[in-house]
Number of protein chains: 2
Amino acid sequence: MSLDQTDRRILTVLQKQGRISNAELAERVNLSQSACHRRVHRLEKDGYIKDYVALLDPRKLNVPTTVFVEITLSGQADEVLDAFEKAVSRIPDVLECHLMAGTADYILKVVAENTDDFARIHRQHLARLPGVAQMQSSFALRTVFKTTALPV
Amino acid sequence: MSLDQTDRRILTVLQKQGRISNAELAERVNLSQSACHRRVHRLEKDGYIKDYVALLDPRKLNVPTTVFVEITLSGQADEVLDAFEKAVSRIPDVLECHLMAGTADYILKVVAENTDDFARIHRQHLARLPGVAQMQSSFALRTVFKTTALPV
DNA sequence: ACATATAGCGAAAGCTCCTTGCGCGTTTGA
DNA sequence: TCAAACGCGCAAGGAGCTTTCGCTATATGT
């Protein structure tokens, strides 16, 4: 089951305007309301669309600072990884966690109010993560751009 | 102008369910529809809520691979940075671009179908970026978790 | 060629939801 | 202490939307 051009247009629009009405979406992709509705429904049911969310402004919410944290664990045993992942997933300031190939084992994307606040997060959460051998934090000076829209 | 507890509850809900109706949201945060509506409107107008979007499944869309690319430029002059940022912002496979403190100048988050596809992106786009002195790509083996929800 | 499945359009019913206005209580600040 | 500002709940109108149904056309495959 794959996507035709119309499906892709629908996804392209929804990736930018998740709250658009079916009526307007139909118009935008040149379909009748009913046909458009069926397609969107299918895209949701089949898992192409995972969620509809509101994106907030990090500055307004006082977390303008992004920090990438590279972490090396002390071992590669499954229990070590599991424990680490479980613990890290409970930290609300960590937005992403990726298991990496190469030097570092994990990369985290963390948001903070400022460097002091990151120090708090570090002390309070990161420093307490289990199985960590090494940790290196890199601060972003400025986010040039950021999108949730995948290429479709 | 700041946020009280109710505003935060509203934002918390909308960060997870961006398409919830005002009626249901009002119920969830224990407000009348009118009061809730007024608050959401204000949060949008004041820029706390930037956008409503649909989040798609990277696997379903055939971009299951995330790559972090660290880039060092050949110089720090404004024109070099501007030219680089302008060029990189036109690559649809690049979802994020951060100007960094420390060793590397920039970190990009790139999505690809697989390593071969990343090779194409590299050859076709990344290798052609202006002012690049050095580039190091790190592949994610697995995304442990990922959220767009800021801590509020 | 024919049956089946797929996907489209149009229309309409019904309903939910947005939006607004008003009066009330509480807080703010002069 | 009193007036103004702010925020809430209630109620209701009316718009706009979702969702379904029947019919048609095109593609699939036997």
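Throughout, protein chains are lettered first and strands after them, A, B, ... in sequence-line order, and every chain is numbered starting at 1.
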Student: Please report the distance, rounded to the nearest Å, between NE2 in H41(A) and C1' in dA7(C).
Tutor: 16 Å

Student: Nearest whole Å is fine: how far is dC18(C) C1' from N22(B) CG?
Tutor: 7 Å

Student: Is it possible for you to say whether V29(B) and L3(B) belong to one hydrophobic cluster, with membership spreading through side-chain heavy-atom contacts below 4.5 Å?
Tutor: yes

Student: Salt-bridged, E96(A) to K109(B), with N to O below 4.0 Å?
Tutor: yes

Student: Could you state the interatomic distance from CZ (R28(B)) to CD1 (I20(B)), rounded to the nearest 0.5 Å?
Tutor: 4.5 Å

Student: Using whole Å, report how far CZ of R42(B) lies from P of dT19(C).
Tutor: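 For the pair R42(B) CZ and dT19(C) P, the rounded distance is 17 Å.
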
Student: Round to the nearest Å and state the distance from D4(A) atom CG to dA27(D) atom P.
Tutor: 13 Å

Student: Measuring from E113(B):CD to R120(B):CZ, what's the distance to the nearest 0.5 Å?
Tutor: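 The CD atom of E113(B) sits 8.5 Å away from the CZ atom of R120(B).
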
Student: Any side-chain N or O of H37(A) under 4.0 Å from OP1/OP2 of dT19(D)?
Tutor: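 Checking dT19(D) against H37(A), a side-chain N or O does come within under 4.0 Å of OP1 or OP2.
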
Student: Given atom CG of N30(B) and atom P of dC10(D), what is their separation to the nearest angstrom?
Tutor: 12 Å

Student: Are the side chains of L43(A) and L14(A) in touch, meaning some heavy atoms are under 4.5 Å apart?
Tutor: no

Student: Could you check how far CZ of R39(B) sits from C1' of dG9(D), rounded to whole Å?
Tutor: 13 Å

Student: Any N/O pairs under 3.5 Å between the protein and nucleotides 10-12 of chain C? List them or say none.
Tutor:
| from | atom 1 | to | atom 2 | distance (Å) |
| --- | --- | --- | --- | --- |
| dG10(C) | O6 | S34(A) | OG | 2.9 |

Student: Just how far, in rounded Å, is P of dT16(C) from CG of L25(B)?
Tutor: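 About 18 Å, once rounded to whole Å.
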
Student: Nearest 0.5 Å, what's the CD1-CG distance between I121(A) and L108(A)?
Tutor: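 Separation between the atoms: 11.5 Å.
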
Student: dG7(D) P sits how many Å from Q5(B) CD, rounded?
Tutor: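 Q5(B) atom CD is separated from dG7(D) atom P by 16 Å.
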
Student: Quick check on DNA chain D: between L31(B) and E24(A), whose nearest nucleotide comes earlier from the 5' end?
Tutor: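 Nearest-nucleotide comparison on DNA chain D picks L31(B).
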
